[in-house]
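Before any comments, here is the structure.
Everything quoted here is computed from the prediction, not taken from an experiment. Chain A is the first sequence line, chain B the second, and so forth, proteins listed ahead of strands; every chain is numbered from 1. Computed over heavy atoms, backbone and side chain alike; hydrogens, waters and symmetry mates excluded.
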Amino acid sequence: MSVLVGTETRLCVAGITGSEGRFHTLNNRDYGTNVVSGVTPGKGGQDIEGIPVFNTFHNAVEQSGANTAMIFVPPPFAADSILEAADAGIETIIAITEGIPAHDELRVYTQIKRMMGVRLIGPNCPGVLSPGKANVGIIPASFFKQGNVGVMSRSGTLTYQIGNELAQKGFGNSSIVGLGGDPIPGTSFIDVLEMFENDDQTELIVMSGEIGGEAEELAAAYIGEHVTKPVVGYIAGFTAPPGKTMGHAGAIVSGSKGTAAAKAEALEAQGVRVGRTPTQVAEIAIEILGG
Amino acid sequence: MDLLEYQGKQLFARHQIPVPSGIPARTVDEAVAAAEQIGYPCVVKAQVKIGGRGKAGGIKVAANADQARESAEAILGMDIKGFTVHELWIEEASEIEAEYYAAIVFDRSARAALVMLSTQGGIDIEQVSHENPEAIATLHVDPLLGFQPYQARRLAFDAGIEADLIRPIGDFLTLLYETFIAEEALLVEVNPLIITPDRKVRALDAKVTLDPSALYRHEENAQLRDPSDEDPQEQMARDRGLTYVKLDGNIGILGNGAGLVMSTLDVVAQYGGEAANFLDAGGGSKADAITSAVEVICSNEKVKAVLFNIFGGITRCDEVASGLIEAFATAPPSVPFVVRLDGTNDAEGRRILAEAKLPGVHTASTMNEAAEMVVALAKGEAL
């Protein structure tokens, strides 16, 4: 299989008429993703190279049968767009937008959690790629092929770096899941660990974390209790000074909380091998898979 | 974005939170004029974004104009834990019967606002939280329901607040929560929250952190950003739309994507070097972003060598190479560069760089190799 996106994905893109939205939508379609529609209020009835545009998500779901949304609208409108997609019955919402206000994210997160059966990935994430099946987002798909390594990460380029090193050694991926660099991601490491654990195609899980929050510590505890597949870890930000936001809104060491050292230690305490460089992560993965 | 105490109090006052009246001052004369207007006794308070002002001598009571002048002269320009005092807040003196503590924090782990209340306020609240955490009553607020009156009462009772203060403290917390939401704060902290002899509640201090991502819809707050208090490189980077954090070392760093840049700092450290900055040129770094970035990095005089670590996804390596050539054409840097190009159009990017034969520019194919090279160059070693 693969997780979150695949051959059953029917994608609708919010912000399809913007230049970035259009560019990446067409990229995703070229890859083979089934892009069924887009939403831009006021531009219903138009089309983007044959992809019909609707005024509302409700219309898009009714008329194009969309089950997955990609959110590409600017930060002031992104929370509203996510809630609209969820209200219209979209099951998987992948939010690429960076810079959504924290309080908006908090309200959206809480509402989505209460709606059974809706999953939000991101915001501020590169999307999800299931090689050979579907690409939703901005991950450069050409670096990846189908295989047995599941990757989940809070950072985009770091994922490409690690994925590329695996690819050069001949390994491919079941799915690559960008969780996003914001303080309140819709989907956590734990959620995706559960998916990869239950996914037949995945034999090894790579998790790439970074400073800030305690998602990695919580994931470590979950791995100890529930995950039977091998997990290789990486944490970015060992040398980041406290109190400084390192690019991602969520990447900040507050006082003594959220340090890379604490996260690596928590993972290692559960038997997870943590690479000290992206290259080392790939080397450990290859060692485990017996390349 | 952190606010100064008086900015926080002015923000509180807009939401009817009781605060002592005061006037900000930037010079000794302004401070004396403010003191005359407020009356005596008044308090002269250093305005810096760091705790421990009182212990450092940054807060003084003045009983008359001479004392106000003396205090203002002593405090203006004072260094408090590395922060120079540029501004004062002259405030009416408050009579204090008790010092409490109240705060609301954006708790990302719990995915809810955390409200805290304690009767053991004052300067050592951090010690209280370590040694006697049960002295701080806490609860989380449902983001969709908001802070309920019963929660305010429960916190007050849990904190051991006396009966006559349950309602005023509850009202205070409700206003504090309204402020937290309306201004989109990540932190509002009041320490001390004082009780006056006539049993009134007042915020004697204010610590406020605002969400930088929300400033676009809070114009009044956005104007509180103080460029004079920012590092010159950080300011320059912001003007050019780059994400930059100044660090202590001597190796300038540029990468694309926050995670990759953080990782680059770590790898440089593993090879014995120390980064001078964090700079994320962004996901789709174009040539002009690269030229700006070189300018910002090299304006830091401590920089002895620069590392470009690019893994091209949306970013195209040929664009990065062209940007670098352009940067060298405008203002050739005096320090050596190591450039690692991998990913989208990497071969083309490397070819462009090789043909340009830029002085002092070395190329590397892996991140580790690049880090090793730049560390050697920063130490003045030959490759």
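The contact between A/Ile100 and chain B is made entirely by backbone atoms, counting heavy-atom distances below 4.5 Å. For A/Pro101, the parts lying near chain B are the backbone and the side chain together; criterion is any non-hydrogen pair under 4.5 Å. Using a 4.5 Å cut-off between heavy atoms, B/Ala371 does not touch chain A at all. Neither the backbone nor the side chain of B/Ala275 comes within contact range of chain A; no heavy atom of the residue lies under 4.5 Å from a heavy atom of that chain. Residue A/Ile139: no heavy atom, backbone or side chain, is found under 4.5 Å from chain B. The contact between B/Leu247 and chain A is made entirely by side chain atoms (from C-beta outward), counting heavy-atom distances below 4.5 Å. Heavy-atom distances place both the backbone and the side chain of B/Phe311 under 4.5 Å from chain A.
B/Val261 has its side chain out of reach of A/Met246: every pair of non-hydrogen atoms, C-beta onward, lies at least 4.5 Å apart.
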If you check both backbone and side chains, which donor-acceptor pairs between chain B and chain A fall under 3.5 Å?
unit_1, atom_1, unit_2, atom_2, d
B/Arg108, NH1, A/Gly250, O, 2.9
B/Arg108, NH2, A/Gly250, O, 2.9
B/Ser109, OG, A/Glu214, OE2, 3.2
B/Arg111, NE, A/Tyr109, OH, 3.2
B/Asp142, OD1, A/Arg114, NH2, 3.4
B/Asp142, OD2, A/Arg114, NH1, 3.3
B/Asp142, OD2, A/Arg114, NH2, 2.6
B/Ala185, O, A/His103, NE2, 2.7
B/Asp211, OD2, A/Ala102, N, 2.6
B/Arg217, NH1, A/Asp104, OD2, 3.4
B/Arg217, NH2, A/Asp104, OD1, 3.0
B/Arg217, NH2, A/Asp104, OD2, 3.1
B/Asn256, O, A/Thr157, OG1, 3.0
B/Ser263, OG, A/Tyr234, OH, 2.7
B/Asp266, OD1, A/Phe238, N, 3.0
B/Asp266, OD1, A/Thr239, N, 2.9
B/Asp266, OD1, A/Thr239, OG1, 2.8
B/Asp266, OD2, A/Gly237, N, 2.8
B/Asp266, OD2, A/Phe238, N, 2.9
B/Gln270, NE2, A/Arg276, O, 2.9
B/Arg340, NH1, A/Gln161, OE1, 2.9
B/Arg340, NH2, A/Gln161, OE1, 3.1

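In the displayed structure, B/Gln148 atom CD is contacted under 6.0 Å by more than 12 heavy atoms of other residues, nucleotides or ligands.
Interatomic distance, B/Leu144 CG to A/Leu106 CG, rounded to the nearest 0.5 Å: 8.0 Å.
For the set A/Gly237, A/Gly99, A/Gly247, the entry with the most heavy-atom pairs within less than 4.5 Å of chain B is A/Gly237. With respect to chain B, the highest number of heavy-atom pairs below 4.5 Å among A/Ala102, A/Pro140, A/Pro126, A/Pro75 belongs to A/Ala102. The greatest number of non-hydrogen atom pairs below 4.5 Å with chain B, out of A/Ala251, A/Pro241, A/Gly212, A/Ala249, is found for A/Gly212.
Nearest approach of B/Gly259 to A/Ala236, heavy atoms of both residues: O-CB, 3.9 Å.
Residues passing the side-chain contact (heavy atoms from CB on, under 4.5 Å) test with A/Pro74, sequence neighbours excluded: A/Pro76, A/Phe77. In terms of the ring pair (Phe, Tyr, Trp, His ring centres under 6.0 Å) criterion, B/Tyr101 has no residue partners (sequence neighbours excluded). Scored by the ring pair (Phe, Tyr, Trp, His ring centres under 6.0 Å) test, A/Phe144 finds no partners at all (sequence neighbours excluded).
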